[in-house]
Amino acid sequence: MAPQPQTTVARVRRSNAAVLTAATALGFLAALSVSAPILIAADPLAINPSHVLASPDLVHPLGTDELGRDLLARVVYGGRVSLTVAAAAVLIAGTLGVISGVAIAFFSPRLESAMMRIIDVLVSLPEIFVAIVVLAFLGGSFWALIGTIGVLYFPQFARVAYGMARSIRARDHVTAAVSLGAGRLWLIRREILPNMRSVIAVQASFTFSFAMLLEAGLSFLGLGVHPPTPSWGQMIGTLKDYIFINPWPVLVPSIVLFAVVLSINVLGDWLQDRLNPELRR
Amino acid sequence: MNITRRSFHYATLASLAAITAPQLGRSAAAQTPKAGGTLRYGTVTEVTSLDPHVYNGSAWKVLIEALYSPLVGYAADGTITPRLAERWEQPNARTIIFHLRQGVKFHDGTPLTADDVKFSLERIIDPKTAAALRTNLIGATVEVIDATTVKVSQPQPDATLLAILALPEGAIVSRKWIEGGANAKTAANGTGPFRLDVYEPAVRAVLKKNPAYFVPGQPRLDTVEVRMIKSDDARVNALRSGALDMIDFVPWKDIDVLSRMPNFKVDSSGGAFMNVWFNTAHKPFDDPRVRRAFAYAVDRAAIAKAAFFGHGAPIFGPPTPSDSPFYVPDLAQYFKHDPARARSLLAEAGLAKGLDFELIVYQGLGIYTTTAQVIQANLKEIGVNATIKLVEWANLMERKNSGSYDAMLYGVSMKVPDPDAYAYYFGAESTYWAKPIGNRDEVLEKLLADGRATTVTAERKAIYRKVEERLLETSPWVFVNFREQAQAYRRNVKGYQHLGGALNESSAGISLPAMWID
Amino acid sequence: MHRFVAHRFVSSLITMALASIVVFLSIHLLPGDPVVMVLGEQAGADPMAVARVRAELGLDLPLPTQFVRWASAVLHGDLGHSLRSGEPVVAELARRIPRSLEIIFGGLVAAVVFGIPLGTIAARDRGRVSGLIASIVAIAGFSAPVFVSGIILVLIFSLWLGLLPSSGYVALDDDPLTHFACLVLPCVAIGINFMGVVARMTRSSLIDTLSKDYVRMARAKGLTRGQAMTRHALPNALVPVIAIVGIRAGNLLGGTVIVEALFDWPGLSSLLVSACFARDYPVMQGCLLSIFAIFIVISLLIDIAQSIVDPRVRTGTK
């Protein structure tokens with residue numbers, strides 16, 4: 001929900017141990033998600049009505065959910081959904097944002113301020129409210145989630161890309177190249193995009209965590225993927241109803257989600273410090 | 001689903017009470033009703049409109065029963081008792097003549113007249129109102145004979161007319177008040193035991209005693225505070241912490257927990273029931289063998305266990321409770337969980353390889369998603385791939401009303417305590433299920449018409465047995481299980497009578513005037 | 001100064017107008033029909049009744065006509081009537097908005113009360129274990145999704161300690177004590193996330209200030225580290241923190257969606273969610289409009305406040 005990386009910058013070097021831990025955790029999880037069908041024996045969809053809401057035991061190392069399904073398998077498969085949605089949404093938002101940001105900076109001198117005003121309005125819109133309206137009408141699904149979240153976060157990329165493109169455009173050697181007759185597309189390919197990489201990477205890392213949180217929140221409200229397909233937010237939303245019977249199951253996806261967001265934020269801070277040292281005070 | 005089984009039930013209880021009465025002498029003395037006090041009632045339903053003719057959820061029934069009065073009503077034993085009409089006669093199977101009580105006044109002081117009755121019933125029939133009882137009363141005429149006498153006639157013989165008019169949805173409103181432009185959705189002006197003091201849609205309602213209520217000595221409570229608390233845990237915790245005296249829709253997972261606590265009482269009985277609806281116009285669900293295959297594939301016991309924590313009695317036959325006089329014991333085990341049988345039925349229908357379809361499921365209640373996922377797993381065993389599509393209420397209604405679905409998981413209750421309730425869903429004119437998908441079953445329609453035309457119970461029993469046989473044979477719906485509906489209350493709440501079947505939703509409304517806090 | 005305020009005010013109005021068009025179009029262009037909800041489970045299947053109600057609601061008119069009707073009514077302060085309850089939308093909003101503001105305000109208080117000391121410790125004890133722990137708590141709070149922190153709070157304070165209600169709402173005039181008891185967990189849940197932001201901001205701002213000459217001077221004058229911190233560094237360091245609290249306060253409104261759902265609190269967000277599910281168009285429009293208005297007003301106030309503090313903003317060098 002925090003759109004501005006600038007305001008969330010940790011201006012302090014974090015110990016490398018934390019970064020290492022975060023990176024390891026994320027890498028481990030990503031590896032687990034990718035290789036889930038090989039590593040996890042349990043079927044995330046196999047129900048067992050006589051063994052529901054169980055705490056961990058030998059057969060189910062993380063316990064079972066409200067239908068007796070293996071929570072370890074569901075958390076891993078749910079991670080695939082959550083991470084894929086976030087990654088795809090960031091890809092959409094980044095592509096749309098960079099294209100529109102650069103296009104505004106280069107191709108519409110007259111409309112520039114008006115366009116940016118619109119982008120500013122879009123950035124200021126509270127994403128979750130718009131997402132609720134759209135998904136309540138369209139019905140939640142994997143693709144609807146990706147599309148909605150992707151489109152909602154594109155203005156932020158557009159703003160960053162626009163700012164970068166403008167500042168690069170104003171650099172001396174670029175102005176010189178333009179006066180010598182360099183084409184705009186050549187300029188964008190040779191000068192603008194390569195210089196934008198690090199800023200966009202930082203923006204992407206933050207957007208990834210926001211997108212994941214938004215996906216989780218929407219799924220929590222029942223606007224996400226449809227059961228029996230798991231996603232972390234949806235698992236939390238369902239299992240919270242059983243918190244007074246057994247608090248364990250709801251904690252499993254909650255802690256995993258928390259750990260992942262934490263890791264991404266730690267890495268994002270680190271990336272910010274490394275790639276954009278000028279933002280550091 | 002019936003009128004008389006309750007009388008039997010409670011007669012048994014009464015005789016039991018008579019036998020044990022001497023020993024209970026002292027506690028019986030403590031049972032003397034007290035006047036005054038406040039009942040804080042927590043309900044799951046977010047009542048968004050108080051229009052007395054347009055159904056708006058279970059708690060709406062309670063509120064309407066408390067604020068308004070119909071011509072006749074149900075007593076706690078399920079028999080029909082006088083309300084605004086002090087007596088009535090049925091000269092033939094089409095007509096009832098009601099004689100109104102003298103001196104009844106609406107909450108705003110206007111006296112009740114026969115014209116108000118005519119206005120109210122015509123308001124129900126008017127399609128503009130979208131009233132719950134409209135289909136039951138289409139074609140009925142209401143005639144004012146004199147200031148206190150009204151004649152209601154149906155075009156055809158109708159054994160269910162009195163039972164219909166006794167429902168809270170048959171509330172009598174004031175013509176002057178409605179025509180004066182009052183918003184009946186947010187305000188109330190009835191003749192019921194309580195008047196409306198505060199109402200915030202979907203959040204709360206406060207009712208105050210109507211001192212001019214026509215039943216002497218009632219109501220006993222001064223105030224009823226209804227809080228609409230959708231979250232199950234919030235409702236249960238509010239009861240446990242003492243913030244509420246009584247709650248409805250005790251979550252299935254909490255029924256056993258609360259029952260074991262000494263200071264609470266939990267009353268429960270089968271109410272609504274869950275079904276899989278087929279669109280019989282869509283292939284392959286036009287084939288009864290496919291539908292029956294589903295009926296054999298569903299593991300009802302697993303659903304009762306997983307979704308209802310043991311409080312959802314499986315329905316292997318028709319959805320008639322075993323204490324009903326219309327209950328047919330030899331139909332009760334018609335289906336069983338038999339995947340092999342299901343597979344062979346599919347093979348007979350030429351679907352040995354299985355099939356794919358979309359199951360539409362309401363997203364707002366955990367029992368729906370849980371039940372759907374068990375059904376999905378069951379169907380997988382017979383080679384059927386069900387894709388669950390969760391939709392919100394508005395979308396569900398749209399699909400139901402336009403018939404745009406293959407199959408749908410849907411919970412219903414019998415609206416009338418009479419087996420004619422089947423007509424509400426399966427009758428050709430039923431906009432509820434049959435009409436939008438164009439389902440016609442002439443055999444069934446004929447049987448339903450016969451059942452409605454006769455008032456002889458023995459004949460009706462034979463007819464409705466055939467109705468149920470036909471329904472199981474053709475399986476337009478797979479009946480899954482009863483949702484046990486439970487109310488929980490503190491021990492000092494007295495006078496509550498829990499009813500089963502069609503009157504289940506009305507239990508609190510029917511008991512309310514006689515309830516008190518000890 | 002006045003020119004700047006006037007300019008910002010006008011541009012806010014334009015933004016609001018744009019937002020209202022977006023609101024109206026998005027609701028009307030998305031698939032879905034409010035009529036069935038008006039008619040209910042049974043009558044909704046009658047095409048005649050559907051057509052009649054659609055005409056009554058004016059939904060059969062061309063979209064631009066509908067928009068003009070709606071917009072002119074809105075300008076007269078009329079947001080229409082709820083399709084479900086028939087109640088004026090304005091009345092419903094007037095009840096719901098204060099309840100959401102209660103949560104936001106409580107969340108802000110919780111964030112500031114926990115966040116500033118946390119950030120101060122993190123800055124003061126930099127390089128020590130206590131400082132590291134404070135930093136970890138801050139980033140953990142910042143990373144915890146609202147529903148995760150909410151569930152943990154329910155576990156601790158409702159299930160294990162039995163101190164606070166796990167969810168629910170009681171009107172203030174019914175029972176003030178229970179009202180506030182119900183408010184505590186949602187506020188803390190929403191505040192924990194924001195606490196992380198406040199703490200991180202406080203820490204970096206304080207570290208920055210501590211290296212300034214006047215603080216060094218104070219230390220040289222013989223003040224202890226703690227005294228220099230509380231008397232000189234902290235007050236100055238808090239200026240940017242307060243700015244960030246203001247800027248981000250609007251974001252808390254987004255957090256209320258989850259919190260109101262989790263704790264069953266009948267505020268603005270839960271009204272929007274239920275109206276969406278019921279296709280109650282007038283209520284949806286009213287909710288979204290007020291949410292956007294709240295955001296736009298907050299950003300207007302921040303801009304004006306900043307222009308008072310920092311005159312450069314006015315001349316457009318921002």
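A, B, ... follow the sequence lines: proteins, then strands. Residue 1 opens every chain. Below, each value reflects all heavy atoms present in this structure, side chains not excepted, and no hydrogens, waters or symmetry copies.
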Using 0.5 Å steps for rounding, measure from the CD1 atom of C/I258 to the CG atom of A/L221. 4.5 Å

Heavy-atom closest pair (A/S254 atom, C/I151 atom, distance to 0.1 Å) is OG-CD1, 4.5 Å

If I take atom CG from residue C/N193 and atom CG from residue A/L213, how far apart are they, to the nearest 0.5 angstrom? 8.0 Å

For A/A136 versus C/F277, what's the shortest heavy-atom pair and its separation? CB-CE2, 4.1 Å

Heavy-atom closest pair (A/F244 atom, C/V154 atom, distance to 0.1 Å) is CZ-CG1, 4.3 Å

Considering all heavy atoms of both residues, which atom of C/L155 and which atom of A/P247 are nearest to each other, and what is their separation? CD2-CB, 3.2 Å

Quick check: closest heavy atoms across A/L262 and C/I139, and the distance to 0.1 Å? CD1-O, 3.7 Å

With C/R8 via salt bridge (Lys or Arg N to Asp or Glu O under 4.0 Å) - residues at least two apart: C/D303

Taking the side chain as C-beta and beyond, is there a heavy-atom pair between A/V261 and C/F142 under 4.5 Å? no

Turns out that what part of C/L253 lies under 4.5 Å from chain A's heavy atoms comes down to both

Which region of A/L223, side chain (C-beta onward) or backbone (N, CA, C, O), has a non-hydrogen atom less than 4.5 Å from a non-hydrogen atom of chain C, or is it both or neither? side chain

Interatomic distance, C/F147 atom CZ to A/S219 atom OG [nearest 0.5 angstrom]: 8.0 Å

So for A/V250, is it side chain, backbone, both, or neither that comes closer than 4.5 Å to the heavy atoms of chain C? side chain

Of the listed C/A144, C/G150, C/A275, C/S149, the one with the largest count of heavy-atom pairs under 4.5 Å with chain A is C/A144

Measure the spacing between OG of C/S158 and CD1 of A/I243 and express it to the nearest 0.5 Å. 8.0 Å

With a 4.5 Å cut-off on heavy-atom pairs, point out which of A/V133, A/L251, A/V134 contacts chain C the most. A/V133

Using a cut-off of under 4.5 Å for heavy-atom pairs, which of C/P145, C/C287, C/A138 has the most such pairs with chain A? C/P145

I'd like to know which of C/S143, C/A261, C/A19 tops the heavy-atom pair count under 4.5 Å against chain A. C/S143

